[in-house]
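Just below is one structure, and these are the notes that go with it.
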Amino acid sequence: MKEKRYIVYALFVVFLLTAPLYLNRYWLEVLNSVGLYAILGLSLNIIVGYGGMFHMGHAAFYAIGAYTTAIISTSYGVPVLWLMPLSGLTAGVFALVVARPIIHLRGDYLLIVTIGLVEIVRIALINNVFGITGGANGIFGIPRPTLFGYKIFKSHQFLYLIWGCVAVTVFFFYRLENSRFGRALVYLKEDEIAAEGSGVHTARYKLAAFVLGAFWAGMVGTLFAAKMTIISPESFSFWESVLYFMIVILGGSGNIAGVILGAFLVIGLPEFFRGLENYRLLMFGAAMIFMMIFRTQGILPPRQKVFDVSRFRKGGEPI
Amino acid sequence: MEEFFQQLTNGLAVGGIYALIALGYTMVYGVLKLINFAHGDLFTIGAYLGLTLLTSMSLMDSLGVFFGLLLLVLMVMGLVGLIGVLLDQIAYKPLRQSPRLSAVVSALGASIVFQNAVMLIYGARFQVYPQDILPRIVINIFGMPVPLIRIMILMASIFMMGALYFFIQRTKVGTAIRAAAEDQGAARLMGIDVNRVIMLVFLIGPALGGAAGLMVGLYYGQINFTMGWIYGLKAFTAAILGGIGNIPGAMVGGILLGVIEALGAAYISIAWKDAIAFFVLILILIFRPTGLLGERVAEKI
């Protein structure tokens, strides 16, 4: 069973590595946006999947990362990819400030406040707050990224850059999932009171998860800005946040492979049905209702963690 | 002074509309503890159905303005209420025993379905209400002109709220609704059919929301398939402002929010108009999560 899973993963990696050989530019671009959404989904997964917080304003942090990159790279000429940590940091600090007072709110209230948050950020961007966001037109002329002296501008180059970032994200979050921090979050999601009783500082852990997710989304913002070279407030609407949320919920919240599958389903699959473009959201909505009724945990739910008790037995005798 | 008065009456009219929508949120929340995200879209459906009925049936010509409008409102309310009941049966009823947030996700899904269904049926462009339905009369109050429609909207929403309040407080069925909101298990033991109560709540709430949609169509003259979203969020804010689950609270919260928004847009900044409600929402949830008239404090949010 375990081996079978790894074969699928290996085939998937081979497919991505060799994709430029047999896919045309259009499909490479589709893969690129799937990659971007996969990272965003994974970053939201920290908050929704592990932390169990219903956060639907993730586009706000993504926007802040993208705008940080766009503003600094266009006005000071700093190479785009160098701005990744800074963009992440800006988004993280913003998340820290706004989440501090609302983090204790119960599920559905948190949901509605985060929706308010993303709307406020979007309106602020449109209103050209501080005179640096370029208003409704946004910011254009963001330079292309360079990596090891190579200028990245072709689809397949972006493919490797973006999916490289996905790989780093997967590695990092996989380690996180199996760390003390990750376990504490899952505990907190399953039973907040019991977690608190066992010495998990719930508010602090929730806040840390929130800030980490925001930090990561901010970094993806850099990638997005560098790839698009033009950003505007409309790229960060509430409906974007709904897409990320869908990716996590449909794919399987709390499971890395599930979230990546979710990105393929939500972003990639509709490309096969371009003629039905207008029905896309309708189908999504119906799928959401359907999933909640028949498979609440998503297509690929996280596997149960098995605690190996055999090492506590001596000679077959339970202690 | 004149501008202040104009903004105030405008705020009151819009506030009445918010209050009507907020009642749907608050009633559903009271009984099911569910934020019915699709409620804003039921409001949109009300506006579109109103337009369709208005243009296809020419009620005003045969019945006169007053009875024509009355019949129109009743038809819209009935149809939207019916859609509300269907929504509950399809999307929420199977999830009664599930974790609460599953139902919230289902509600969001339903909202997306409604919004896109309206777009596919009526198209994505703004639809315009016929402008000659209501006589354009301007009434002088304290020497200041106020369009008749503002007063009509405020009166109509106050009337509906009053009727609802009477129904909830004074009739047997209303008492059953209050009991189910208080404690479903106990209500069931007292012989109240909770499923019927829920169905009734999903009939009344969307019916009021649909009426509000029709009012918006008549007041602003144009409607769009996405408008339910922003109205819904604001009405929800109003419900929280007044204390969610609290019926008089939703009325007070709605009217207050309408006035705050109108005055804020006039005196602070029109560009930030839509953000004002969200600031109010966040402030309320941080400092007084039970709302102004909130009485449900048993559960910590």
Side-chain angles (χ1 to χ4, degrees), chain A residues 48 52-54 56-57 98 100-102 104-124 126-129 135-136 189 237-239 242-243 245-246 248-250 253 278-298, chain B residues 29 33-35 37-38 41 87 90-95 98-117 119-120 124 226 229-230 233-234 236-237 239-240 244 269-287 289 299-301:
Chain A
V48 174
M53 288 171 277
F54 269 46
M56 218 174 253
V98 296
R100 188 76 192 74
I102 59 171
H104 63 277
L105 293 175
R106 204 194 50 217
D108 31 11
Y109 281 86
L110 186 69
L111 183 77
I112 207 108
V113 171
T114 52
I115 292 172
L117 189 71
V118 73
E119 282 294 304
I120 290 176
V121 167
R122 194 179 60 87
I123 293 170
I126 291 176
N127 286 342
N128 202 358
V129 71
K189 171 187 163 188
S237 66
F238 162 74
W239 293 107
V242 172
L243 283 185
F245 198 78
M246 291 280 302
V248 175
I249 296 286
L250 278 187
S253 68
N278 291 335
Y279 293 86
R280 191 175 81 155
L281 278 170
L282 191 80
M283 294 294 174
F284 278 169
M288 272 165 100
I289 301 174
F290 208 72
M291 287 294 284
M292 285 305 116
I293 294 173
F294 296 104
R295 201 174 163 88
T296 317
Q297 70 276 39
Chain B
Y29 195 91
K33 303 284 174 289
L34 162 74
I35 299 178
F37 272 100
D41 299 286
L87 165 74
I90 294 169
Y92 303 150
K93 201 170 180 197
L95 292 167
S98 315
R100 241 164 57 186
L101 293 176
S102 302
V104 173
V105 174
S106 183
L108 263 169
S111 161
I112 297 173
V113 168
F114 280 143
Q115 202 179 92
N116 286 280
M119 186 196 78
L120 290 170
T226 56
W229 173 245
I230 199 86
L233 270 180
K234 286 179 183 169
F236 183 75
T237 303
I240 290 189
I244 188 122
S269 163
I270 183 99
W272 289 85
K273 177 171 169 272
D274 285 336
I276 290 170
F278 300 124
F279 280 120
V280 170
L281 171 72
I282 291 175
L283 290 179
I284 277 283
L285 281 177
I286 293 173
F287 294 110
E299 202 166 13
K300 188 172 173 254
I301 61 166

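Throughout, protein chains are lettered first and strands after them, A, B, ... in sequence-line order, and every chain is numbered starting at 1. Owing to the predicted nature of the structure, the values given are computational and were not obtained by experimental measurement.
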Taking every non-hydrogen pair under 4.5 Å, which of [options] racks up the most with chain B?
options	answer
A:Ile115, A:Leu117, A:Ile249	A:Ile115
A:Phe284, A:Tyr279, A:Phe245	A:Tyr279
A:Gly116, A:Gly52, A:Ala287	A:Gly116
A:Ile123, A:Val98, A:Ile289	A:Ile289

Please classify the contact between [X] and chain B as side chain, backbone, both or neither, with a heavy-atom cut-off of under 4.5 Å.
X	result
A:Val242	side chain
A:Ala124	both
A:Phe238	side chain
A:Met56	side chain
A:Leu110	neither
A:Phe290	neither

Per-residue contact mode, [X] against chain A (heavy atom under 4.5 angstrom):
X	result
B:Phe236	side chain
B:Phe279	both
B:Trp229	side chain
B:Ser102	both

When [options] are compared by non-hydrogen pairs under 4.5 Å with chain A, the top option:
options	answer
B:Ala277, B:Ala124, B:Ala275	B:Ala275
B:Val104, B:Ile230, B:Leu108	B:Leu108
B:Tyr92, B:Phe114, B:Trp272, B:Phe37	B:Trp272
B:Leu34, B:Ile240, B:Val105	B:Val105

> Say you draw a straight line from CG of B:Leu285 to CD1 of A:Ile102; how long is it, rounded to the nearest 0.5 Å?
Replying inline: 9.0 Å

> How long is the span from the CD1 atom in A:Ile126 to the CG atom in B:Asp274, to the nearest 0.5 Å?
Replying inline: 9.5 Å

Nearest heavy-atom neighbours spanning [X] and [Y]:
X	Y	answer
A:Leu281	B:Ile112	O-CG2, 3.2 Å
B:Ile90	A:Ile293	O-CD1, 3.6 Å
A:Ile112	B:Leu281	O-CD2, 4.0 Å
A:Pro101	B:Ile286	CB-CD1, 3.7 Å

> Side-chain contact, heavy-atom cut-off 4.5 Å: B:Ile35 with A:Leu111?
Replying inline: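 B:Ile35 does not reach A:Leu111 side chain to side chain.
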
> Any side-chain heavy-atom pair from A:Tyr109 and B:Ile244 closer than 4.5 angstrom?
Replying inline: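 A:Tyr109 vs B:Ile244: side chains touch.
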
> For A:Arg100, does the CZ atom sit with more than 12 other heavy atoms under 6.0 Å from it, leaving out its own atoms?
Replying inline: no

